[in-house]
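For the single chain, residues carry numbers from 1 onward in sequence order. Note that ligands are numbered from 1 as they come in the structure, with each ligand's atoms numbered from 1 the same way.
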Amino acid sequence: MRASESTNLYFSQAADQMQMPDWMRKLLTTPKREVTVQVAFERDDGRIETVLGYRVQHDNARGPMKGGLRYHPAVDLDEVRALASLMTWKTAVVDLPYGGAKGGIGIDPKTLSKREMERMTRSFVDQIHEIVGPDSDIPAPDMGTNHEVMAWFRNQWEKYHGFNPAVITGKPVEEYGARGREEATGRGVGTLAVKLLKRINVKPEQCRTAIQGFGNVGSHAAKYLYEAAFPVVAVSDVSGAYVNPKGLNIPEVFSYVIKNKGSLEGYKNAERIPADELLYLDVDLLIPAALGDVITATNAGKIRAKTIIEAANGPIDPEADKILSDKRIMILPDILANAGGVTVSYFEWAQNRQHYKWSLDRVRQELDRTLSDAFENVWQESSTRNVSLRTAAFILAISRVQRASELAGWLV
Ligand code: NAD
């Protein structure tokens with residue numbers, strides 16, 4: 001299923017519950033603007049490379065549009081369109097004053113030197129600088145981009161429009177970035193896991209947890225859960241899955257990975273099994289925090305976890321979602337589960353506009369409060385309507401966008 005089809009399917013399931021008329025569905029799912037641009041830049045050997053860049057601005061009823069920039073060979077208009085609409089629902093479900101957008105370039109960043117990456121980024125900004133800005137559309141990092149790319153983006157944009165660091169988030173901390181941005185998504189996953197488990201009366205110590213992916217999101221989620229007394233019995237990355245039924249020593253795994261250039265390869269104090277096997281372990285909580293579409297109709301039947309938190313974007317495809325729901329496996333959906341990152345991005349933007357830097361404690365407190373409120377709202381919606389947490393999250397998000405559009409006037 002194409003990326004935009006699954007997003008629209010989840011939208012439709014919620015819209016059916018809301019008895020939304022067809023004209024409104026079409027208006028809310030059609031992006032405001034889609035831009036495809038030529039990005040030409042010079043390679044280190046003097047050749048001129050030409051690739052395609054995209055920015056899709058899905059909806060701005062609730063505020064300036066917000067969404068990452070992805071550099072990946074699979075980036076195309078359909079993927080960017082799907083991710084842009086997910087951002088609209090994600091910002092709405094956590095009640096940030098934003099709409100949704102997404103952008104990217106269809107290229108493998110591993111094939112670029114640092115200077116080539118910089119030239120490509122600056123060329124992309126030259127093409128899209130007029131449609132992004134602190135009050136209209138604020139990019140952020142995503143797959144294949146990082147705080148350095150954000151710093152180049154800001155610098156190039158400011159050449160046209162003057163000083164305004166709020167044009168982009170995910171910047172280096174010493175260059176108007178926010179403290180706590182790096183840990184935010186994983187920390188958010190941890191916060192939400194604690195809330196969810198409390199609601200279903202499972203104590204942290206009884207919640208054997210497996211986490212797929214030990215990158216930015218997976219490692220910080222593991223750290224948070226370990227500190228909250230969850231036995232994290234398995235973690236994985238591309239090199240394999242590492243299992244210890246008594247619970248892994250996560251601070252030790254964390255330091256090992258830092259020393260080992262980001263990889264779990266060779267970690268000794270655990271049994272190593274093939275990477276994909278992690279998904280099928282008999283655990284209480286499974287957290288896919290690596291890639292999209294890792295649980296599909298083909299392997300959903302093999303999942304034994306009782307609860308799943310979607311830390312990655314779209315790890316469960318809609319067919320698998322149905323199979324897992326029929327098996328009464330509870331799923332906390334991505335639009336809520338991984339919203340910690342965009343929430344702290346919002347704090348960064350707010351700090352930039354205030355010209356004031358928050359402490360790490362303040363960032364963490366506000367993040368915990370924002371996500372906890374969102375969780376309670378989604379839980380209530382799900383109980384009241386007797387629908388899944390995913391459908392409840394979409395209903396809540398869509399209702400907020402719908403209300404904002406109604407108040408402003410549908411056709412503005
Ligand atoms: P990352 O690149 O830092 O880490 C990805 C991890 O997944 C790595 O450890 C990698 O080895 C592992 N991995 C890749 N293929 C695997 C496989 N087949 N089996 C097991 N492990 C595998 O990425 P990240 O920033 O942690 O993002 C992870 C997911 O979370 C992505 O889907 C991303 O879109 C989503 N997400 C990230 C953020 C954020 O703030 N970083 C925010 C929202 C959503």
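- Looking only at protein heavy atoms, the nearest one to atom 16 (C) of ligand 1 is Val238 CG1, 3.8 Å.
- Residue Ala312 approaches ligand 1 through these ligand atoms, each under 4.0 Å from one of its heavy atoms: 29 (C), 30 (O), 32 (O), 35 (C).
- Remark: Lys302 qualifies as a cation-pi partner of Tyr280 under the 6.0 Å distance and 45° angle criteria applied to the six-membered ring.
- Leu197 contributes atom CG, which lies 10.5 Å from atom CD of Glu205 (distance to the nearest 0.5 angstrom).
- Distances from atom 18 (N) of ligand 1 to the heavy atoms of Asp237, Leu291, Asn146 show the closest one on Leu291.
- In Thr185, the part holding a heavy atom less than 4.0 Å from any atom of ligand 1 is the side chain.
- With a 4.0 Å heavy-atom cut-off, ligand 1 is reached by no atom of His220.
- Residues Ser239 and Asp237 bring a donor and an acceptor atom of their side chains to less than 3.5 Å of each other.
- Residue Arg181 has at least one heavy-atom neighbour below 4.0 Å for each of these atoms of ligand 1: 40 (O).
- The protein non-hydrogen atom at the shortest distance from atom 28 (C) of ligand 1 is Ala289 O, 3.4 Å.
- Residue-level proximity to ligand 1 for Glu265 is absent, since no heavy atom of it falls below 4.0 angstrom.
- Near Gln212, the atoms of ligand 1 lying under 4.0 angstrom from a non-hydrogen atom of the residue are 19 (N), 20 (C).
- Here is the list of ligand 1 atoms found below 4.0 Å of a heavy atom in Arg70: 34 (O).
- What sits closest to atom 26 (O) of ligand 1 on the protein, heavy atoms only, is Val217 N, 2.8 Å.
- Closer than 4.0 Å to atom 30 (O) of ligand 1 lies at least one heavy atom of the protein.
- Of all heavy-atom pairs spanning Thr169 and Glu348, the tightest one is CA-OE2, 3.3 Å.
- Residue Asn216 places at least one N or O, backbone or side chain, under 3.5 Å from an N or O of ligand 1.
- The residue Ser239 has no part lying near ligand 1, judged by heavy-atom distances below 4.0 Å.
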Steps toward side-chain contact (heavy atoms from CB on, under 4.5 Å) verdict (Lys66, Tyr346): CA-CA 9 Å; Lys66 187 91 190 81; Tyr346 164 57; 5.9 Å; no

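- For the pair Met143 and ligand 1, the shortest N or O to N or O distance does not fall below 3.5 Å.
- Tyr98 and Trp349 have their aromatic ring centers within a separation under 6.0 angstrom.
- Ranking protein heavy atoms by distance to atom 44 (C) of ligand 1, first place goes to Asn338 ND2, 3.4 Å.
- Both the sub-6.0 Å distance and the 45° axial angle are not jointly satisfied by Arg154 relative to the ring of Trp157.
- Sparse packing is recorded around CG of Asn386, with 12 or fewer heavy atoms of other residues, nucleotides or ligands lying under 6.0 Å away.
- When all heavy atoms are compared, the tightest approach of Ala184 to Leu367 is O-CD2, 3.9 Å.
- Within a 4.0 Å radius of atom 23 (O) of ligand 1, the protein contributes no non-hydrogen atoms.
- If you look at Tyr54 and Phe124, their ring centroids are not closer than 6.0 Å.
- The shortest heavy-atom contact between Val202 and Cys207 is CG1-CB, 4.1 Å.
- Ile395 and Ala14 get closest at one heavy-atom pair: CG1-CB, 3.7 Å.
- Contacts with ligand 1 closer than 4.0 Å are made by no heavy atom of Ala241, backbone or side chain.
- Comparing Ala290, Ala337, Ser345, Pro315 against atom 7 (O) of ligand 1, the shortest heavy-atom distance belongs to Ala290.
- On a distance-only criterion, Gly292 and ligand 1 share no N/O pair closer than 3.5 Å.
- On a distance-only criterion, Gly215 and ligand 1 share at least one N/O pair closer than 3.5 Å.
- Between Asn313 and ligand 1, at least one pair of N/O atoms sits closer than 3.5 Å.
- In terms of heavy-atom proximity, Asp44 sits nearest to Ser113 at OD2-OG, 2.6 Å.
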